[in-house]
Amino acid sequence: ILGGVDWLIREGIADGERLGIAGWSYGGYLTAAAIARTTRFKGACVGAGITNAASFNGTSDIPDFIPDYLGAEAWDDPERYRRHSPVLQAGAIRTPTLILHGEEDERVPPGQGRELHNALRRRGVPVELVLYPRQGHSIGEPRLQLDARRRIVEWMERWV
């Protein structure tokens, strides 16, 4: 992702001083991972993203996903899980972050968003968590879809 951002800046497509990043599901995970590795983004939105690989394993409806993806169980390679868990790298995060999540998400349980929210709040990083009632891994109700999109635009306008 960061290499692609560098290319966009070199090509004059993106302004390196006004970068925002957002994603949902795996994109939410990539967003959280990116802001744990760089401070170049001025605002971020993590939508239903994995933030703690170990706790995800014990609470998701797809508990084999992370062990298959990382090639190890948490108890066999805790360092690999730490490297791939943005919440465990929250000490490096400075990016104002909006976290959106469905309250009834069984794929990426809302505890993933809560963990990142609590870590950033405790560190004094600007953060907001929005849990959407009755929603699973995606926001299905049109009124709530509009709310999520409005919040993302407002967050990026505020910080980027």
Side-chain angles (χ1 to χ4, degrees), residues 1-2 5 18-67 69-70 74-75 78-160:
I1 289 173
L2 299 178
V5 170
R18 299 187 62 220
L19 295 173
I21 186 168
W24 198 273
S25 191
Y26 188 73
Y29 163 70
L30 290 176
T31 297
I35 63 173
R37 287 172 173 74
T38 182
T39 57
R40 67 194 302 183
F41 298 103
K42 306 302 182 203
C45 177
V46 175
I50 297 169
T51 63
N52 184 330
S55 66
F56 173 82
N57 277 2
T59 57
S60 175
D61 67 348
I62 52 168
D64 294 338
F65 176 75
I66 293 293
Y69 183 73
L70 296 181
W75 51 84
E79 176 56 25
R80 182 175 297 188
Y81 276 68
R82 186 198 65 72
R83 285 193 322 267
H84 292 278
S85 296
V87 75
L88 300 180
Q89 300 167 39
I93 298 175
R94 309 250 183 300
T95 306
T97 304
L98 173 64
I99 302 167
L100 305 176
H101 222 108
E103 276 187 344
E104 297 179 19
D105 190 345
E106 293 181 3
R107 179 67 24 98
V108 179
Q112 294 292 303
R114 285 187 180 107
E115 286 188 47
L116 185 61
H117 174 258
N118 289 338
L120 298 183
R121 182 181 50 80
R122 290 173 55 97
R123 294 201 53 260
V125 175
V127 63
E128 183 178 325
L129 171 65
V130 180
L131 297 174
Y132 288 98
R134 303 173 304 282
Q135 305 309 293
H137 191 56
S138 61
I139 307 301
E141 294 179 27
R143 178 178 59 84
L144 299 180
Q145 289 175 343
L146 288 172
D147 181 80
R149 285 166 175 75
R150 178 188 56 77
R151 287 176 189 269
I152 294 167
V153 169
E154 289 175 357
W155 190 263
M156 293 302 179
E157 285 177 343
R158 177 178 178 189
W159 295 102
V160 178

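Please read all numbers here as calculations on a predicted model, not as lab measurements. Residues: numbered from 1 along the sequence shown.
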Strictly distance-based, threshold 3.5 Å: is any side-chain N or O of [X] a donor or acceptor partner for the main-chain N or O of [Y]?
X	Y	result
Ser60	Ile62	yes
Thr39	Arg94	no
Thr38	Ala34	no

Fill in: Among Arg151, Arg158, Arg150, side chain to side chain donor-acceptor pair (under 3.5 Å) partner for Glu154
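For Glu154, the side chain to side chain donor-acceptor pair (under 3.5 Å) check succeeds only for Arg150.
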Worksheet item: What residue among Glu103, Gln145, Glu141, Glu104 forms side chain to side chain donor-acceptor pair (under 3.5 Å) with Gln135?
Response: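 That would be Glu141; it is the only one of Glu103, Gln145, Glu141, Glu104 passing the side chain to side chain donor-acceptor pair (under 3.5 Å) with Gln135.
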Looking at [atom1] of [X] and [atom2] of [Y], how far apart are the two atoms once the value is rounded to the nearest 0.5 Å?
X	Y	atom1	atom2	result
Ile50	Asn57	CD1	CG	8.5 Å
Arg149	Leu100	CZ	CG	10.5 Å
Leu146	Ile139	CG	CD1	11.5 Å
His137	Asp105	NE2	CG	5.5 Å
Arg121	Ile99	CZ	CD1	11.0 Å
Leu144	Arg134	CG	CZ	6.0 Å

Worksheet item: Has Glu106 got more than 12 heavy atoms of other residues, nucleotides or ligands less than 6.0 Å from its CD?
Response: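 No - once you tally the heavy atoms of other residues, nucleotides and ligands closer than 6.0 Å, there are 12 at most.
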Item to complete: Answer yes or no: does atom CZ of Arg122 have more than 12 heavy-atom neighbours from other residues, nucleotides or ligands under 6.0 Å?
Response: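 Result for CZ/Arg122: open.
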Between [X] and [Y], what is the shortest heavy-atom contact and its length?
X	Y	result
Ala36	Ala92	O-CB, 3.6 Å
Trp24	Ser138	NE1-CA, 4.2 Å
Leu19	Val160	O-CG2, 3.8 Å
Ile21	Met156	O-CE, 3.3 Å
Glu115	Val87	O-CG2, 3.5 Å
Tyr29	Pro86	CE1-CD, 3.9 Å

Practice prompt. Would you check, one step at a time, whether the test side-chain contact (heavy atoms from CB on, under 4.5 Å) holds for Gln112 with Asn52?
Written response: CA-CA 6 Å; Gln112 294 292 303; Asn52 184 330; 3.9 Å; yes
Are the side chains of [X] and [Y] in touch, meaning some heavy atoms are under 4.5 Å apart?
X	Y	value
Pro67	Tyr81	yes
Lys42	Arg18	no
Val127	Leu129	no

Item to complete: Before giving the answer on side-chain contact (heavy atoms from CB on, under 4.5 Å), spell out for Val108 and His101 the whole-Å C-alpha distance, their side-chain angles and the decisive distance to 0.1 Å.
Response: CA-CA 9 Å; Val108 179; His101 222 108; 3.8 Å; yes
Worksheet item: What's the verdict on side-chain contact (heavy atoms from CB on, under 4.5 Å) for Leu116 and Ile93, showing C-alpha distance, side-chain angles and the deciding distance?
Response: CA-CA 10 Å; Leu116 185 61; Ile93 298 175; 4.1 Å; yes
Worksheet item: Do Arg143 and Asp147 sit within salt-bridge range, that is, some charged N less than 4.0 Å from a carboxylate O?
Response: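 Here Arg143 does not pair with Asp147 in a salt bridge, since their nearest N and O are not under 4.0 Å apart.
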Worksheet item: Between Glu79 and Arg82, is the closest basic N to carboxylate O distance under 4.0 Å?
Response: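 Salt bridge between Arg82 and Glu79, a charged N being under 4.0 Å from a carboxylate O: yes.
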Discussion item. As a quick check of understanding, evaluate side-chain contact (heavy atoms from CB on, under 4.5 Å) for Arg40 and Leu2, giving each step before the final call.
Written reply: CA-CA 10 Å; Arg40 67 194 302 183; Leu2 299 178; 4.1 Å; yes
Item to complete: For residues 138-160, pull every pair meeting ring-ring contact (aromatic ring centres under 6.0 Å, His included), keeping only residues two or more places apart or in separate chains.
Response: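 Of all non-adjacent pairs touching residues 138-160, those that pass ring-ring contact (aromatic ring centres under 6.0 Å, His included) are Trp155-Trp159.
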